[in-house]
Asks: 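Encoded as structure tokens, here's the structure I'll be asking about.
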Amino acid sequence: MTPDQLSQIEADETASRQRIRHRLNVCLAAGCLSLNSDAIKKSLEAIVAERPLTESCQVKAVGCMGLCSRGPLVSVEPSGTLYQGVKSADSPEIIEHLSAGPVERLEISRQVPFFQRQVNVVLENSGRIDPERIEEYVAAEGYQALVQALTEMTPAEVIDQVSRSGLRGRGGAGYPTGLKWGTVAKAAGAPKYVICNADEGDPGAFMDRSVLESDPQRVLEGMIIAGYAVGASRGYIYVRAEYPLAITRLSTAIRQAKHLGLLGTQICNTEFDFDIDLRLGAGAFVCGEETALIASIEGRRGAPRPRPPYPAQSGLFSSPTLINNVETLANVPTIIRKGGDWYAGLGTAKSKGTKVFALTGKINCTGLIEVPMGMTLREIIFDVGGGVPEGHKFKAVQTGGPSGGCIPEQLLDMPVDYDSLAQAGSIMGSGGMIVMDDSSCMVDVAKYFMEFCMSESCGKCIPCRAGTAQMYDLLANISEGKASLGDLNMLEDLCDMVKHTSLCGLGQSAPNPVVSTLCHFRDEYLSHIEDQRCPAGVCPCSPPEVLS
Amino acid sequence: MSPVTAAEVKTLRIDGTDVSARGDQTLLEAAREGGLHIPTLCHLDGLSDVGACRLCLVEVKGSAKLLPACVTRVEEGMEVSTRSDRLLKYRRMILELLFAERNHVCSVCVANGHCDLQGLAEAHGLTHVHFPYRYPKLSVDASHDRFVVDHNRCILCTRCVRVCDEIEGAHTWDVMGRGIESIVITDLHQPWGESDTCTSCGKCVQVCPTGALFEKGRARFTQKKRDFLPYLTAMREGNSG
């Protein structure tokens, strides 16, 4: 693959697109697919094939358009019309209206905050290109960054751009990406490896899945650039087996990239070789922890080990290893193409760029959004997300999954960045946001996350293995109205101990949901303990009152 | 990190005592050579370290996190505290968690009087356990001709797993399951007596810190022999390099 060949693919793709008057984009990401959007695509295709439209209308599968709660979604280009809640029976009407204005009963305006307040970097191609055709990614400026990096930049210059961008790890901890790349590049030892961590396991989080399903080539390009920057020639994507569609699309993407010579030997006629393999996780949450993930790729039991040595010095097969999250790598092509300084212009002083969030729970617009860092939680939940459904009152938002915490109403005007969220007792995490209203009990929420941590603990270190089990039992007793104030003290002691003595991040952060709910909603705990009453009527200690 | 050579000698301060150590030593080794006791359960001289029991966590000045002494290398000028009130509290809680996790009944245990867990509990003044006992239903496997594994007494230190893999080279033992449900198993969880790989060498029994692994008919003599491990490790390293 040479730069000229890449331009040719782009030109061919653009030309063939121009021959088509209307394009119908049907979302075939997991959300809409679960509502049978593939049947809609088939019925649209059947109608197009029957009518003398073949030359001027194309039905295309695309990735996630974000507003998952209104699916299945179909968009029309070039008019930009977006249809929600489409059924197969709507297909004839949609096609008849192609030249006659939108079908009003299905149309959803794009002039709403959900779309208007977003800034798309990672999701710029999501819902616009066919994730199973590399040509469409190339036509959307794809692989230009790779060509630019390989032919015009030294590895040090690539790392410099990533450092200047201020990009921080999107897996949750927020470690500066440029610094990590520089450490691996400087580490002695060969071969080196690049790992993409796609073992997304937080309940309610689906950012990485959506990126992999909607724009897999972007992640591959980010990995290849990372490989060039740190001096690695082999990469692994560790993706959880529960994401079958993402795995299929990644496999297709890797095959197509190899076919075009964007993976393999002498990429872009340079001396640089790079290959990517998939490794499937077998359903262990702890394998998202980097040392456990590495053990799992090596074929061992997925259990973490103490650090140091960090993977940058001794990682996969004891070699220097760069390990980055899906979203982190998906930012890289844009950073190289537009420059680190451009990216640093987005976001706040210490948290640059944009962040993808999965909005779930008691919120009107459930789905995937990408907003600049520094937007307040209130703007995200009430403007972009459309607030909580009518008749209910917002209570808390849970960020960071089982490692994060619950943020109450009074802290909603806090800007969303790594440091502010940490100050509020939560974490940025990978980007899951679970919104809760007055029908949620915070003890129940804490119990749910503790049960998750207990069953996902690997069992290696005692504080996490036995401590989470004891904490779960205490929370269960509180929720059943069988606990004393002494139990609450014991729970707090255990939180402190498990947080400070556990081996890996899973145990160290497992108490966070309890600590944050105890801090902001202590009265709810007390009412379970002292009055055997659950204010939200969720816990078994107070069965919901029967209406007469 | 540049490779540490054994020749470099570092001086550090542990609990107010100046200690010198070779550059490739861990805090645990340095402390024990200096006559300072740091409790451990998963560590055993001659086996690889896994940092799992968390009893050897120490405070190091300048580090926000507690560090496991068994895998932390000495550094020049380190100031280490191994016996702060906070560390002692955490250690007692970890021991209590172990006692509450399975069914440890010292009075009827083959290891009574020479059990590492019991010894540590005594040393830490553990008179009773605050946490509710979990009383899990666990099995005893006596299918082997000479040895027995009683999961009720296992603390999942994985010394048996490591000695079998690293010293005997059989890798009969491993861990199955997750979290609180984890247990040690032989081969692919078949009865020990039917294991294809077990050489009946008995090293796992000797390294077990509690009465979870014991020899049949020798309940009163289970004082365990562990001195052979460093010797075997040294021999192995001598052979390979």
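Every chain is numbered from 1, with letters handed out A, B, ... down the list of sequences. What you are looking at is a predicted structure, and each value in this text was computed from that prediction instead of being measured.
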Asks: At a heavy-atom distance under 4.5 Å, which candidate from B:Leu57, B:Thr158, B:Leu41 has the highest pair count against chain A?
Replies: B:Leu57
Asks: Which bit of A:Leu494 comes within less than 4.5 Å of chain B, counting heavy atoms only: side chain, backbone, both or neither?
Replies: both
Asks: Does any part of the side chain of A:Asp493, heavy atoms only, come nearer than 4.5 Å to the side chain of B:Lys89, both counted from C-beta?
Replies: yes
Asks: Less than 4.5 Å to any heavy atom of chain B: does that hold for the side chain of A:Ala284, its backbone, both, or neither?
Replies: both
Asks: Measure distances from A:Glu456 to the heavy atoms of chain B and classify the residue's part below 4.5 Å as side chain, backbone, both or neither.
Replies: both
Asks: Take atom CG of A:Asn489 as the centre, draw a 6.0 Å sphere, and report whether it contains more than 12 heavy atoms from other residues, nucleotides or ligands.
Replies: yes
Asks: Using the side-chain contact (heavy atoms from CB on, under 4.5 Å) definition, which of the options B:Ile155, B:Leu55, B:Leu156, B:Ile94 pairs with A:Ile462?
Replies: B:Ile94
Asks: So, taking the atom named CZ in B:Arg92 and the one named CE in A:Met497, what distance separates them when rounded to the nearest 0.5 Å?
Replies: 12.0 Å
Asks: Nearest 0.5 Å, what's the CZ-CG distance between B:Phe131 and A:Asp473?
Replies: 11.5 Å
Asks: So, taking the atom named CZ in B:Arg178 and the one named SG in A:Cys458, what distance separates them when rounded to the nearest 0.5 Å?
Replies: 10.0 Å
Asks: Name the region of A:Asp487, side chain, backbone, both or neither, that has any atom closer than 4.5 Å to a heavy atom of chain B.
Replies: neither
Asks: Compare all side-chain heavy atoms of B:Val175 with those of A:Lys460 and state whether any distance is below 4.5 angstrom.
Replies: no
Asks: Where do B:Ser182 and A:Gly459 come nearest, in terms of heavy atoms and distance?
Replies: OG-CA, 3.8 Å
Asks: Is B:Ile180 in contact with chain A via its backbone, its side chain, both, or neither, using a 4.5 Å heavy-atom distance?
Replies: both
Asks: With a 4.5 angstrom heavy-atom cut-off, which part of A:Arg301 approaches chain B: side chain, backbone, both or neither?
Replies: side chain
Asks: If I take atom CG from residue B:Asp49 and atom CZ from residue A:Arg305, how far apart are they, to the nearest 0.5 angstrom?
Replies: 13.5 Å
Asks: Judged by atom type as modelled, is there a donor-acceptor pair below 3.5 Å linking the side chain of B:Arg54 to the main-chain atoms of A:Thr501?
Replies: yes
Asks: With only heavy atoms counted, which part of A:Met490 is less than 4.5 Å from chain B, the side chain, the backbone, both or neither?
Replies: side chain
Asks: Side chain, backbone, both or neither: which part of A:Ser314 has a non-hydrogen atom closer than 4.5 Å to chain B?
Replies: neither
Asks: Look at the side chain of A:Gln470 and the backbone N and O of B:Pro132, then say whether any donor-acceptor pair between them is shorter than 3.5 Å.
Replies: yes
Asks: As an exercise: rank B:Lys65, B:Met93, B:Glu181 by heavy-atom pairs under 4.5 Å with chain A and give me the winner.
Replies: B:Met93
Asks: Verify the neighbour count for atom CZ of B:Arg83: are there more than 12 heavy atoms of other residues, nucleotides or ligands below 6.0 Å?
Replies: no
Asks: What do the steps show when you test B:Leu97 against A:Arg465 for side-chain contact (heavy atoms from CB on, under 4.5 Å), and what is the final call?
Replies: CA-CA 9 Å; B:Leu97 281 175; A:Arg465 180 181 77 225; over 6 Å; no
